[in-house]
Amino acid sequence: MADEKNPFPGENNTGHIWDDNIRELDNPVPRWWMVGFWASVLWWVAYGILYPMIPLGEDSTKGVLGWTQIGEYNDGVAEVQAVRAKFEDQIAGMTPAEILADDGLSGYATASARVLFGDNCQACHGAGGQGGPGYPVLADDNWLYGGTIEAITQTITSGRQGIMVAHGATLSDQEIDTLAQYTVDLSQGQANEAGAELYQTKGCFACHGPDAKGLQIMGSANLTDAIWRFNEDDKLASAKYTIKHGVNAANDPMTREAVMPAFSARLSDNDIKKLAVYVHKLGGGQ
Ligand code: HEC
Ligand code: HEC
């Protein structure tokens with residue numbers, strides 16, 4: 001626009017004027033902004049020289065540093081593995097009891113076994129070994145087979161399968177009722193003489209022991225405690241069923257099943273040791 005038509009002559013406006021006096025000025029960009037702008041251009045060029053940046057079909061410019069994302073990831077993995085390898089090598093040469101006694105190693109074993117437990121054990125024994133109907137709690141100090149580190153290692157390595165014969169054919173319903181009531185009374189600390197006599201004469205003591213506290217060599221349950229393996233809600237019915245149909249009893253298709261699988265073929269020795277330490281430390285190790 002010609003200067004003579006500009007109502008604000010001499011001002012550095014662009015000649016664009018609205019509402020009589022609102023003008024667009026042509027001031028230089030502030031210095032701080034220009035510094036920032038050129039710095040970012042410089043940064044962009046430097047980045048392009050150092051790092052991969054411009055896509056070229058399948059590939060891209062490489063950058064003089066030779067950095068790649070997958071390379072950084074692989075370095076990270078190698079670093080973790082180097083740390084783990086040190087522990088794993090030590091564990092390979094030690095017994096589970098020795099690992100347990102070593103604070104640093106047992107800490108590593110527990111952390112590492114938490115994932116193994118989630119993958120291999122949790123489906124049956126519950127998160128944190130809290131157990132469930134038919135699957136023993138691993139986080140208490142009540143053990144079918146023993147809570148020493150050796151017993152736990154043995155359980156995981158070779159599996160367990162406690163056997164109680166079915167008594168449906170050898171005991172009358174009334175005898176089964178009496179015995180079931182006896183076990184419930186026992187768990188509540190109450191006497192039951194008729195039951196106690198049957199217990200001794202019908203062969204129960206051979207597996208559960210004369211004091212009914214269970215024999216760990218057979219994995220026979222402790223009948224004097226308040227822990228019920230199969231059905232906590234209806235203890236009497238549960239006891240009757242167990243006595244009638246047994247546990248893992250070959251001669252009764254309705255028998256209760258209780259099979260702890262063997263892990264020797266599925267997990268490495270190191271993993272089994274770590275799991276044994278983990279289970280021991282869940283709270284009930286002896
Ligand atoms: C398929 C289900 C199943 C899986 C998987 C399983 N368990 Fe078991 N586990 C059992 C059963 C059932 C028993 C009880 C066996 C019995 O009564 O004879 C048991 C018993 C045990 C015991 C003995 C408990 C005691 O009171 O003495 C330990 C220890 C144990 N399991 C640890 C583990 C660990 C560790 C894993 C994972 C590596 C695992 N289990 C995976 C079902 C399972
Ligand atoms: C051959 C050995 C054997 C004999 C005989 C035997 N039991 Fe058992 N019993 C076991 C085993 C082993 C278990 C535990 C199984 C498991 O937990 O996996 C068990 C479990 C039980 C349970 C379930 C406990 C619970 O916590 O739920 C009851 C109740 C029981 N037995 C009562 C009896 C009575 C009563 C007799 C006598 C009539 C008897 N048992 C005879 C081996 C035996």
Side-chain angles (χ1 to χ4, degrees), residues 113 116-126 129 131-149 151-168 170-171 175-184 186-187 195-196 198-209 212 214-232 234-249 255-264 266-267 271-280 282 284-286:
L116 290 169
F117 192 87
D119 291 348
N120 295 285
C121 322
Q122 193 160 315
C124 289
H125 289 287
Y135 301 107
V137 180
L138 301 180
D140 62 10
D141 57 3
N142 182 279
W143 296 96
L144 291 164
Y145 296 94
T148 62
I149 184 78
I152 296 171
T153 309
Q154 178 67 35
T155 299
I156 303 171
T157 307
S158 314
R160 301 282 193 186
Q161 190 168 346
I163 292 179
M164 167 159 163
V165 288
H167 289 81
T170 49
L171 297 178
E175 285 170 327
I176 290 177
D177 287 354
T178 308
L179 280 165
Q181 187 59 51
Y182 170 63
T183 60
V184 172
L186 264 185
S187 72
L198 276 181
Y199 179 85
Q200 300 299 342
T201 53
K202 298 298 178 182
C204 313
F205 73 93
C207 289
H208 289 280
L215 300 175
Q216 289 188 340
I217 195 157
M218 314 191 119
S220 56
N222 181 345
L223 302 177
T224 66
D225 63 18
I227 294 171
W228 291 81
R229 277 272 283 116
F230 300 103
N231 181 353
E232 289 271 350
D234 191 344
K235 303 172 172 75
L236 187 62
S238 178
K240 280 186 200 170
Y241 192 99
T242 306
I243 297 168
K244 189 163 184 184
H245 299 291
V247 182
N248 298 321
T255 191
R256 291 195 186 281
E257 280 173 33
V259 179
M260 162 70 194
F263 282 87
S264 53
R266 283 202 250 167
L267 295 175
D271 285 351
I272 290 179
K273 289 179 194 178
K274 288 188 284 187
L275 277 164
V277 169
Y278 175 80
V279 170
H280 191 274
L282 277 178
Q286 289 161 353

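The chain is numbered in sequence order, starting from 1. In listed order, ligands and their atoms are each counted from 1. In this text the structure is predicted, and so the values were computed from the model without any measurement.
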- Can a donor-acceptor pair be found between the side chains of Asp225 and Asn142 at a distance below 3.5 Å? yes

- Rounded to the nearest 0.5 Å, the CD atom of Glu257 sits from the CD atom of Gln161 at a distance of 9.0 Å

- Is there side-chain contact between Trp143 and Thr148, with at least one heavy-atom pair below 4.5 Å? no

- Is any side-chain heavy atom of Thr155 closer than 4.5 Å to a side-chain heavy atom of Val279? no

- Taking C-beta and beyond as the side chain, do Val184 and Trp228 meet within less than 4.5 Å on heavy atoms? yes

- Under 4.0 Å from one or more heavy atoms of Gly203, ligand 2 contributes atoms 5 (C)

- Item | Reported CG-to-CD1 distance for the pair Leu179 and Ile243, which is rounded to 0.5 angstrom | 5.0 Å

- Would you say the side chain of Val277 lies within less than 4.5 Å of the side chain of Ile149, judging by non-hydrogen atoms? yes

- What atoms of ligand 1 come closer than 4.0 angstrom to any heavy atom of Gly162? 16 (C), 18 (O)

- Query: For the side chain of Asn222 and the backbone of Gly214, is there at least one donor-acceptor N/O pair under 3.5 Å apart?
  - Reply: no

- Item | ligand 1 to Phe263 polar contact by distance, N or O atoms, under 3.5 Å | no

- Closest protein heavy atom to atom 41 (C) of ligand 2, given as residue, atom name and distance to 0.1 Å: His167 CE1, 3.6 Å

- CG on Leu215 to NE2 on His208, rounded to 0.5 Å: 8.5 Å

- Message: Donor-acceptor check, side chain of Ser238 to backbone of Asp234, threshold 3.5 angstrom: yes or no?
- Response: no

- If you measure from each non-hydrogen atom of Val279 to ligand 1, which part falls under 4.0 Å: side chain, backbone, both or neither? side chain

- N/O donor-acceptor pair under 3.5 Å between Thr224 side chain and Leu186 backbone: no

- Which residues satisfy the ring pair (Phe, Tyr, Trp, His ring centres under 6.0 Å) test with Tyr199, sequence neighbours excluded? Tyr182

- Taking only heavy atoms of Leu275 into account, list the atoms of ligand 1 that are under 4.0 Å away from them. 38 (C)

- Item | Donor-acceptor under 3.5 Å (Tyr241 side chain, Arg256 main chain) | no

- What protein heavy atom sits nearest atom 26 (O) of ligand 1, and how far off is it? Leu144 N, 2.7 Å

- Considering only heavy atoms, which of Ala258, Ala123, Gly214 lies nearest to atom 15 (C) of ligand 1? Ala258

- Message: Tell me whether Trp143 has any N or O atom under 3.5 angstrom from an N or O of ligand 1.
- Response: no

- Query: What are the atoms of ligand 2, with element, lying closer than 4.0 Å to any heavy atom of Phe230?
  - Reply: 27 (O)

- Message: In the structure I gave you, are the side-chain heavy atoms of His167 and Val165 within less than 4.5 Å of one another anywhere?
- Response: yes

- Item | Interatomic distance, Leu267 atom CG to Lys273 atom NZ [nearest 0.5 angstrom] | 13.5 Å

- Heavy-atom contacts with Met218 under 4.0 Å: which atoms of ligand 2 show up? List them by number with element. 12 (C)

- Message: Within the 4.0 Å heavy-atom shell around Gln161, which atoms of ligand 1 are there?
- Response: 18 (O)

- Task: Identify the protein heavy atom lying closest to atom 5 (C) of ligand 1, giving its residue, its atom name and the separation to 0.1 Å.
- Result: Asn120 O, 3.3 Å

- Using a strict cut-off of 4.0 Å, indicate which atoms of ligand 1 neighbour a heavy atom of Gly134. 12 (C)

- Under 2.8 Å from atom 8 (Fe) of ligand 2, the protein N, O or S atoms found are Met164 SD, His208 NE2

- Considering residues at least two apart in sequence or located in another chain, which fulfil the ring pair (Phe, Tyr, Trp, His ring centres under 6.0 Å) criterion with His125? none

- Task: Would you indicate whether the side-chain heavy atoms of Leu171 and Lys244 approach each other to under 4.5 Å?
- Result: no

- Can you tell me which residue and heavy atom of the protein come closest to atom 18 (O) of ligand 2, and the distance to 0.1 Å? Arg229 NH2, 3.0 Å

- Note on the structure: Between Gly162 and Tyr145 the two heavy atoms that sit nearest each other are N-OH, 3.0 Å

- Query: With a cut-off of 4.0 Å, which atoms of ligand 2 are near a heavy atom of Gly219?
  - Reply: 12 (C), 14 (C)

- Message: Which of the numbered atoms in ligand 2 are under 4.0 angstrom from any heavy atom belonging to Ile227?
- Response: 26 (O)

- Task: May I ask you to identify the nearest protein heavy atom to atom 16 (C) of ligand 1, giving residue, atom name and distance to one decimal place in Å?
- Result: Tyr145 OH, 3.5 Å

- Mark yes or no for whether Ser264, through its side chain, and Ser158, through its backbone, hold a donor-acceptor pair below 3.5 Å. no

- Query: Who's the nearest protein heavy-atom neighbour of atom 42 (C) of ligand 1, and how far?
  - Reply: Val259 O, 3.5 Å

- Item | 2.8 Å shell around atom 8 (Fe) of ligand 1, exclusive bound, protein N/O/S atoms | 2

